[in-house]
There are 2 protein chains.
Amino acid sequence: MTAESEEEKTLSDRASTRLTHAIITGELAQGQKLSEAELATRFGISRGPLREAIRRLEGMRLVKRIPHAGARVVTLNKTMMAELYRVREALEGMACRLAAEQMSTTEQARLFELLDEHESQIEAAEGREYLQNEGDFDFHYHIALGSRNQMLIDLLAGEMYQLLRMCRYKTGTMHKRPQLALNQHRQITEAIANRDGDLAELLMRRHISGAWKTISQDMDDYS
Amino acid sequence: MTAESEEEKTLSDRASTRLTHAIITGELAQGQKLSEAELATRFGISRGPLREAIRRLEGMRLVKRIPHAGARVVTLNKTMMAELYRVREALEGMACRLAAEQMSTTEQARLFELLDEHESQIEAAEGREYLQNEGDFDFHYHIALGSRNQMLIDLLAGEMYQLLRMCRYKTGTMHKRPQLALNQHRQITEAIANRDGDLAELLMRRHISGAWKTISQDMDDYS
DNA sequence: TGCCCATCGATTGTCGACAATATGGAGAAA
DNA sequence: TTTCTCCATATTGTCGACAATCGATGGGCA
């Protein structure tokens with residue numbers, strides 16, 4: 001998923017990825033309490049490793065823990081999603097700038113390939129929105145990688161994107177206008193190919209803040 | 001320290017703050033291995049809570065853990081510090097923009113007070129550079145608070161600033177020209193007071209990237 | 001009837017012991 | 001002498017049991 005698939009060695013690590021997956025997919029609902037005993041038996045492990053896994057998810061902001069009262073899956077209300085999108089705007093903006101400066105030409109070529117794949121998916125798959133979403137993540141993930149900034153990559157891939165997946169699952173919202181997103185992706189890629197860091201950052205920030213505006217409005221409409 | 005002084009309740013929490021402090025002050029040297037048994041006896045607790053504390057520090061990027069091989073204090077080489085300053089530039093730039101938009105007037109007044117205190121400290125205390133450093137952190141911390149974005153605040157106060165303190169301890173470097181930093185702080189505060197988010201972000205980003213250039217050169221000179 | 005307090009149950013926090021794995025050194029072969 | 005292998009040892013990972021704390025339920029009192 002996040003390309004760290006090198007066989008988890010310790011029970012605690014396995015449990016944390018499994019928990020992460022359960023939270024992202026909504027198998028563990030938002031706000032739901034994480035019972036240590038139940039999860040431990042469900043995973044077939046002891047409470048020790050499970051607790052460590054929960055501590056890790058706490059660091060990823062996927063769960064919120066209260067001493068002596070247990071851990072609950074974080075609930076993504078609108079303000080928190082707004083905060084997330086702001087942080088993401090800052091981080092991905094910077095990632096995009098750095099990627100424009102440092103991406104290799106082969107990486108750039110891969111980006112263009114991604115765009116083409118994404119386009120054909122949009123045409124072909126009516127309704128198969130899941131693919132479009134993963135395509136979107138792929139694009140942003142490759143740009144993060146292109147920044148060559150490991151801390152940035154970890155922050156984005158390890159925390160932000162997980163929370164984003166939760167958002168998408170919760171709101172059930174994909175890009176309403178995938179064509180628009182694709183065009184913006186194209187512009188961004190062009191800027192990167194031209195090594196124009198300023199423009200790349202600007203476009204990425206607009207892309208993200210624009211996406212938030214759309215999602216935000218949708219949420220208002222449904223409430 | 002980071003204003004979360006509300007009496008740690010669990011041994012694990014206490015251990016993690018104590019470990020954090022030990023790492024920041026260099027009591028635990030960079031690259032040093034964290035022996036669970038030794039630390040547990042030193043803190044007078046069992047290995048269980050200690051392991052959870054280490055997992056938490058791992059999430060804060062203060063230690064790096066390798067399965068079956070233990071955890072070591074992270075070593076801040078130059079590339080990692082460069083990465084840190086880039087991320088910080090992005091996050092604090094955004095924080096400054098949001099602060100310009102959302103800070104209350106009383107918070108702004110407090111910022112101006114901080115500037116005055118900082119100035120008098122510079123004049124009075126030759127060599128007492130520690131105060132200047134903490135003053136610097138105070139300034140940036142208040143701006144983070146002003147952003148009203150909890151995720152941003154957590155990222156900055158909970159992770160970035162700890163790593164920054166490690167940097168400063170390691171390089172032993174304070175601002176060589178505190179007057180310059182103070183002037184930049186003034187400009188930033190002015191922009192915030194004028195509710196000029198664009199300018200505030202721009203100035204903050206220059207302030208941070210400029211600081212990195214200075215530190216980076218200093219490191220070259222000494223090597 | 002309504003509120004307060006005590007007690008009980010359930011859950012989290014902590015501990016010590018055991019199992020699994022990596023590190024380092026001694027010894028043998030090339 | 002060097003290098004490879006194997007083993008001993010120390011360290012990490014895991015477990016089950018015990019202690020501490022919280023929340024709820026029910027009884028007593030105003």
Side-chain angles (χ1 to χ4, degrees), chain A residues 4-23 27-75 158, chain B residues 4-23 27-75 158:
Chain A
E4 55 172 333
S5 49
E6 40 165 310
E7 187 175 340
E8 321 269 330
K9 296 200 168 177
T10 168
L11 288 188
S12 173
D13 291 334
R14 268 197 285 263
S16 77
T17 64
R18 197 165 161 187
L19 271 180
T20 304
H21 189 261
I23 290 177
E27 180 184 334
L28 289 172
Q30 296 190 19
Q32 179 174 342
K33 182 171 176 198
L34 299 184
S35 164
E36 296 183 358
E38 181 207 327
L39 288 174
T41 57
R42 170 141 49 127
F43 291 172
I45 62 177
S46 163
R47 275 180 53 221
L50 185 86
R51 282 175 62 86
E52 294 184 17
I54 289 180
R55 282 309 243 271
R56 182 162 169 189
L57 292 216
E58 185 190 3
M60 290 201 272
R61 296 164 226 284
L62 287 180
V63 307
K64 186 160 165 39
R65 197 183 58 90
I66 299 175
H68 300 287
R72 312 188 87 89
V73 181
V74 71
T75 59
Chain B
E4 55 173 333
S5 49
E6 39 164 310
E7 186 175 343
E8 321 269 330
K9 296 199 168 179
T10 169
L11 288 188
S12 174
D13 290 335
R14 266 198 286 266
S16 77
T17 64
R18 198 167 161 185
L19 271 180
T20 304
H21 190 261
I23 289 177
E27 181 184 333
L28 290 172
Q30 295 191 18
Q32 180 175 341
K33 182 171 176 197
L34 299 184
S35 163
E36 294 183 359
E38 182 208 325
L39 287 173
T41 57
R42 169 138 53 123
F43 291 172
I45 63 177
S46 163
R47 275 179 52 219
L50 185 85
R51 281 175 62 86
E52 293 184 17
I54 289 180
R55 282 308 245 270
R56 182 162 168 191
L57 292 215
E58 185 190 3
M60 291 202 271
R61 295 164 228 284
L62 287 180
V63 307
K64 187 163 167 41
R65 197 182 59 87
I66 299 174
H68 299 286
R72 311 187 87 90
V73 180
V74 69
T75 59

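Below, read A as the first sequence line, B as the second, and so on, with proteins coming before strands; counting in each chain starts at 1. Side chains are part of it too, since the values below use all heavy atoms of this structure and drop only hydrogens, waters and symmetry mates.
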Residue pair B:E36 / B:I54: nearest heavy atoms and the distance that separates them: CG-CD1, 4.3 Å
Residues A:R55 and B:D13 bridged, charged N to O under 4.0 Å: yes
Distances for protein N/O vs nucleotides 12-17 of chain D N/O pairs under 3.5 angstrom?
| from | atom 1 | to | atom 2 | distance (Å) |
| --- | --- | --- | --- | --- |
| D:dT12 | OP1 | B:L34 | O | 3.4 |
| D:dT12 | OP2 | B:E36 | N | 3.4 |
| D:dG13 | OP1 | B:R65 | NH1 | 3.2 |
| D:dG13 | OP1 | B:H68 | N | 3.2 |
| D:dG13 | OP2 | B:R51 | NH1 | 2.5 |
| D:dG13 | OP2 | B:R51 | NH2 | 3.2 |
| D:dG13 | O3' | A:T10 | OG1 | 3.4 |
| D:dG13 | N7 | B:R47 | NH2 | 2.7 |
| D:dG13 | O6 | B:R47 | NH1 | 3.1 |
| D:dT14 | OP1 | A:T10 | OG1 | 3.1 |
| D:dT14 | OP1 | A:L11 | N | 2.4 |
| D:dT14 | OP2 | A:T10 | OG1 | 2.8 |
| D:dC15 | OP2 | A:S46 | N | 2.8 |

Ignoring hydrogens and angles, tell me if any N or O in the side chain of B:R72 forms a donor-acceptor pair with the backbone of B:G31 under 3.5 Å. yes
Decide, yes or no, whether a salt bridge links A:E27 with A:R42 under the criterion of side-chain N to carboxylate O below 4.0 Å. yes
Looking at B:R65 and A:E52, is there a salt bridge between them, counting it only when a charged N and a carboxylate O are closer than 4.0 Å? no
